[in-house]
Amino acid sequence: MTTQEAGKKIEELRKELHRHNHNYYILNNPEISDKEFDMLMKELEALEQEYPQFSDPLSPTQRVGSDLSKDFEHVTHERPMMSLSNSYSIQEVDEWFDRVKKALEGESFSIVGEMKFDGVSISLTYRNGMLERAVTRGDGTQGDDVTANVKTIKSIPLKLQPGDWPDLFEIRGEILMPWEVFEKLNAERAYNEEPLFANPRNAASGTLKMRKSGEVAKRHLDARFYSLLGDNLPFDNHFDNMLAARSWGFKVSSAMKLLNTLEEVDEYIAYWDIHRKELPVATDGLVFKVNSLRQQLNLGYTAKSPRWAIAYKFNPENACTQLRFVSFETGRMGIVTPVANLEPVLLSGTIVKRASLHNDDIIQELDIHQGDWLYVEKGGEIIPKITGVDESQRAPGAEKIHFVTKCPVCGTGLVKIYGDAAWVCPNRYGCRPQITGKIEHFCARRMMNIDGIGEETAELLFDCGLVERIADLYDLTQEKLEALERIGEKTAAKIIQGIEDSKKVPFERVVYALSIPNVGETTAKRLALGVKTMENMQSMSVEELTALQDIGPTIAKGIYDFLRDPVNIDNIKRLKDAGVQMSVSEDKLAPAGDALEGKTIVISGTFTHHSRDEYKEIIEREGGKNAGSISKNTSFVLAGENMGPAKKEKCEKLGIPIISEDEFLKMIQKEKE
């Protein structure tokens with residue numbers, strides 16, 4: 001792979017992972033399994049390590065996905081809530097065990113095996129035996145304060161049982177919706193013709209973010225706890241601390257077990273791979289942790305996860321069910337996606353009726369015929385996926401499934417994207433799902449953040465003739481909205497306020513909101529900072545756009561064509577006239593410093609004053625260069641807490657200085673002065 005090819009592949013992976021993160025954490029609507037996501041992430045991590053010149057503080061490898069909500073107060077975690085490294089085979093767990101054994105240099109150790117519950121991560125703080133605060137995981141650095149809602153969960157103690165609990169401590173776990181409650185809730189929603197929750201995790205997440213605690217209480221959420229944190233814990237090991245927590249009133253799984261040998265670890269996996277289906281709540285794997293807190297400290301952390309723990313993900317369940325028919329659905333960018341509509345089948349506790357077939361190539365590869373019996377798998381126990389066909393059950397003379405040649409909505413002839421498997425409807429400005437999809441995208445939280453306009457409202461506004469282009473949003477009035485069905489006075493006022501507030505949204509998010517082909521969130525930021533103004537971007541040639549950082553020829557051509565389309569030209573003009581930001585803010589255009597000119601810096605550990613991403617931005621802003629690994633070219637390592645022992649050892653070997661967070665900030669200030 002050439003350097004140019006590597007850069008292009010890295011950008012493609014980042015774009016795809018950002019989208020999947022958004023689908024999973026914000027929309028609660030994942031499209032791929034955990035395993036597929038992890039494989040993509042590992043591929044990106046490997047490329048970024050091999051090609052450090054493409055380092056980017058906004059890369060998905062540098063942060064944890066976020067479930068932050070603007071409806072709740074954001075609280076910074078005293079200790080970051082990191083994710084765990086995932087494994088999908090006993091062999092990978094065994095290899096982790098061997099790495100721990102080698103790192104501890106022959107010192108004896110034990111492992112704690114636990115269930116990996118599939119819910120919403122939560123951190124509870126107790127002071128003097130009383131629940132003080134409950135915070136979601138969020139982005140790992142800060143989360144949402146959901147204390148009022150958590151207090152409604154009966155299995156969470158508001159006041160601890162008598163015991164030797166510390167005056168101040170933190171306990172972490174998962175908020176769950178039991179299968180029985182989940183099935184009743186979905187039955188009620190089906191009766192009321194409301195959208196069904198895909199799985200208990202989504203239902204628990206949606207419940208925990210409800211604005212009325214009384215409604216939360218009706219959902220009968222549950223919890224399980226797996227980690228005790230604090231300065232004065234009763235024991236020096238994880239297992240005994242969790243037993244103590246159980247005695248104080250916390251629900252700690254009875255599946256937790258102390259394991260002393262590799263054979264016991266493997267037996268634990270084999271047992272729960274079968275018996276997990278008997279549990280009253282959803283699980284998606286197991287977790288293994290080194291028991292000794294001292295040994296955990298010595299093993300340390302990587303950038304994203306502890307070295308002393310690993311998650312094992314169960315193999316997905318599968319079943320065989322009959323295909324009823326294949327439907328074809330047109331998306332926001334005109335891509336037509338085939339969907340297998342199935343005879344309902346129970347998989348991992350939920351009824352599966354539909355599964356995406358992705359594109360024509362998949363249909364041809366699987367050789368699907370009308371009425372076929374299909375093998376369905378739930379990757380990560382969430383996303384249904386068609387994995388094969390039982391040809392022995394195929395009816396004689398069954399007709400082969402063929403991809404449609406016209407848009408299923410507007411009837412326009414489809415065109416094939418060069419070098420891609422997708423078929424696209426070219427009727428961008430006359431095809432209903434493309435228009436309403438772009439309106440919904442424009443209004444979404446990470447774009448223009450116009451609260452109150454989701455899928456249904458976008459379709460309503462279009463069907464009523466009020467919004468046919470995104471610029472039409474800025475012509476809406478409260479009176480026009482109140483005249484529509486399903487939109488009352490409060491909702492109308494909220495939408496109008498959201499439209500007004502959107503005029504302050506930064507230019508880089510405006511670029512993302514425009515639905516420019518192949519321009520995702522990260523690319524939009526790079527593009528906006530590179531061109532500075534919309535006027536500049538509109539005047540640039542394909543070659544000039546390609547010269548910008550991370551903008552390849554294909555993306556550049558897409559941007560160029562988009563900005564010369566008469567409809568888009570008019571849209572952008574009207575947005576500008578309405579007061580939408582069309583240039584990068586002055587503070588982001590401020591001259592960069594040179595305090596770190598010529599220096600190559602590696603960041604390691606966790607920090608107090610700024611996040612890792614913020615420090616990477618500071619380094620770039622001050623003329624320095626971020627690197628992902630330590631080498632003889634490293635100027636120094638910016639080290640926070642829990643810097644890995646391997647990195648420390650390499651610094652000592654190469655004579656690389658290690659600078660603390662406070663020393664770094666003082667150094668920047670001194671250079672400026």
Side-chain angles (χ1 to χ4, degrees), residues 75-84 100 104 107-114 117 121-138 140-143 145-147 150-151 153 155-175 223-254 256-258 287-301 305-309 605-609 639-645 660-662:
V75 177
T76 300
H77 294 296
E78 186 174 339
R79 304 169 182 84
M81 292 186 74
M82 305 184 81
S83 58
L84 294 177
V100 169
L104 292 176
E107 184 180 355
S108 63
F109 64 98
S110 57
I111 299 294
V112 179
E114 301 172 347
F117 294 105
S121 296
I122 198 76
S123 168
L124 307 182
T125 299
Y126 283 78
R127 189 183 298 272
N128 299 322
M130 307 286 285
L131 175 63
E132 182 175 79
R133 176 169 274 173
V135 183
T136 64
R137 176 182 179 181
T141 301
Q142 62 174 351
D145 187 334
V146 290
T147 308
V150 163
K151 285 181 177 178
I153 302 173
S155 57
I156 293 178
L158 302 182
K159 183 178 180 181
L160 300 182
Q161 299 295 315
D164 57 348
W165 32 262
D167 292 338
L168 178 65
F169 70 90
E170 181 184 354
I171 190 165
R172 292 176 176 175
E174 296 282 313
I175 303 296
R224 298 292 188 279
F225 293 92
Y226 54 71
S227 179
L228 195 65
L229 302 164
D231 295 329
N232 299 297
L233 300 182
F235 299 99
D236 63 357
N237 68 84
H238 171 67
F239 188 80
D240 288 332
N241 279 330
M242 293 314 299
L243 291 181
R246 181 186 290 165
S247 72
W248 303 339
F250 294 103
K251 254 190 172 178
V252 176
S253 173
S254 58
M256 182 181 71
K257 187 175 182 180
L258 198 58
V287 174
F288 297 100
K289 303 173 182 175
V290 171
N291 188 32
S292 165
L293 301 187
R294 178 185 58 80
Q295 290 177 335
Q296 287 184 10
L297 186 64
N298 290 336
L299 289 167
Y301 296 79
S305 57
R307 291 190 178 88
W308 45 265
T606 56
F607 300 93
T608 303
H609 302 301
E641 295 181 12
N642 303 315
M643 179 182 174
S660 71
E661 185 175 13
D662 289 335

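Positions are given from 1, in the same order as the sequence printed here. Remember, it's a predicted structure, so these values are computed and weren't measured experimentally. The figures that follow rest on heavy atoms only: side chains count, while hydrogens, waters and symmetry mates do not.
- With hydrogens and angles ignored, the 3.5 Å screen pairs no side-chain donor or acceptor of S123 with any backbone N or O of V135.
- Inter-residue side-chain proximity for L131 and T125 is flagged as unmet; no heavy-atom pair is nearer than 4.5 Å.
- Looking at residues two or more places apart in sequence or on another chain, you find no side chain to side chain donor-acceptor pair (under 3.5 Å) involving N298.
- Scanning all heavy atoms of the two residues, the minimum distance from G113 to F288 falls at CA-CD2, 3.9 Å.
- Put simply, the side chain of E107 reaches to within 4.5 Å of the side chain of R294, judged on heavy atoms.
- With Y126 as the partner, the side chain to side chain contact (heavy atoms under 4.5 Å, CB included) test is satisfied by one option alone out of L158, I171, D167: I171.
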Determine, step by step, whether V146 and I175 satisfy the side chain to side chain contact (heavy atoms under 4.5 Å, CB included) criterion, reporting the C-alpha distance in whole Å, the side-chain angles of both residues, the deciding distance to 0.1 Å, and the verdict.
CA-CA 11 Å; V146 290; I175 303 296; over 6 Å; no
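- Distance CZ/F239 to OG/S110: 9.0 Å, rounded to 0.5 Å.
- Looking at heavy atoms from C-beta onward, W248 lies in side-chain contact with D164 at the 4.5 angstrom threshold.
- Legend: residues meeting ring pair (Phe, Tyr, Trp, His ring centres under 6.0 Å) with F225, ordered by chain and number and at least two apart, are F250.
- Partners of R133 under the side chain to side chain donor-acceptor pair (under 3.5 Å) rule, at least two apart in sequence or in another chain, are D145.
- Here the CD atom belonging to E132 is positioned 4.0 Å from the CZ atom belonging to R127, to the nearest 0.5 angstrom.
- For the atom pair L293 CG and D236 CG, the distance stands at 6.5 Å (nearest 0.5 Å).
- Taking 4.5 Å as the limit, some side-chain heavy atom of L104 sits within range of a side-chain heavy atom of L299.
- With sequence neighbours excluded, the residues forming a side chain to side chain donor-acceptor pair (under 3.5 Å) with K251 are D222, listed by chain and number.
- A distance-only check finds a donor-acceptor pair linking the side chain of R307 to the backbone of Y301 [under 3.5 Å].
- In this structure the side chain of E114 reaches within 4.5 angstrom of the side chain of H238, judged on heavy atoms.
- Side-chain contact between E174 and Y226 is present, with at least one heavy-atom pair separated by less than 4.5 Å.
- Take E170 and apply the salt bridge (Lys or Arg N to Asp or Glu O under 4.0 Å) test, not counting sequence neighbours, and it matches R79, R172.
- Note that CG of N237 is 11.5 Å distant from CE of M242, once rounded to the nearest 0.5 Å.
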Given the rule in the side chain to side chain contact (heavy atoms under 4.5 Å, CB included) test, do K257 and V112 qualify, once you have shown the distances and angles that lead to the verdict?
CA-CA 6 Å; K257 187 175 182 180; V112 179; over 6 Å; no
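- The CG atom of L229 sits 11.0 Å away from atom CG of L168, with the distance rounded to the nearest 0.5 Å.
- For Q161, there are no side chain to side chain donor-acceptor pair (under 3.5 Å) partners at least two apart in sequence or on another chain.
- In terms of modelled atom types and a separation under 3.5 Å, the side chain of Q295 and the main chain of S108 share a donor-acceptor contact.
- Between the side chain of N241 and the backbone N or O of F235, at least one donor-acceptor pair lies under 3.5 Å.
- For N291 (side chain) and I111 (main-chain N/O), no donor-acceptor pair under 3.5 Å exists by modelled atom type.
- Side chain of R246 to backbone of S253: a donor-acceptor contact under 3.5 angstrom is found.
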Would you please test W165 and L228 for side chain to side chain contact (heavy atoms under 4.5 Å, CB included) and show each step?
CA-CA 11 Å; W165 32 262; L228 195 65; over 6 Å; no
Going through the checks in order, is the side chain to side chain contact (heavy atoms under 4.5 Å, CB included) test met by F109 and V100?
CA-CA 9 Å; F109 64 98; V100 169; 3.9 Å; yes
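- Judged purely by atom type and a 3.5 angstrom limit, R224 has no side-chain atom pairing as donor or acceptor with the backbone of V252.
- The environment of CD in E78 is sparse: at most 12 heavy-atom neighbours from other residues, nucleotides or ligands sit within 6.0 Å.
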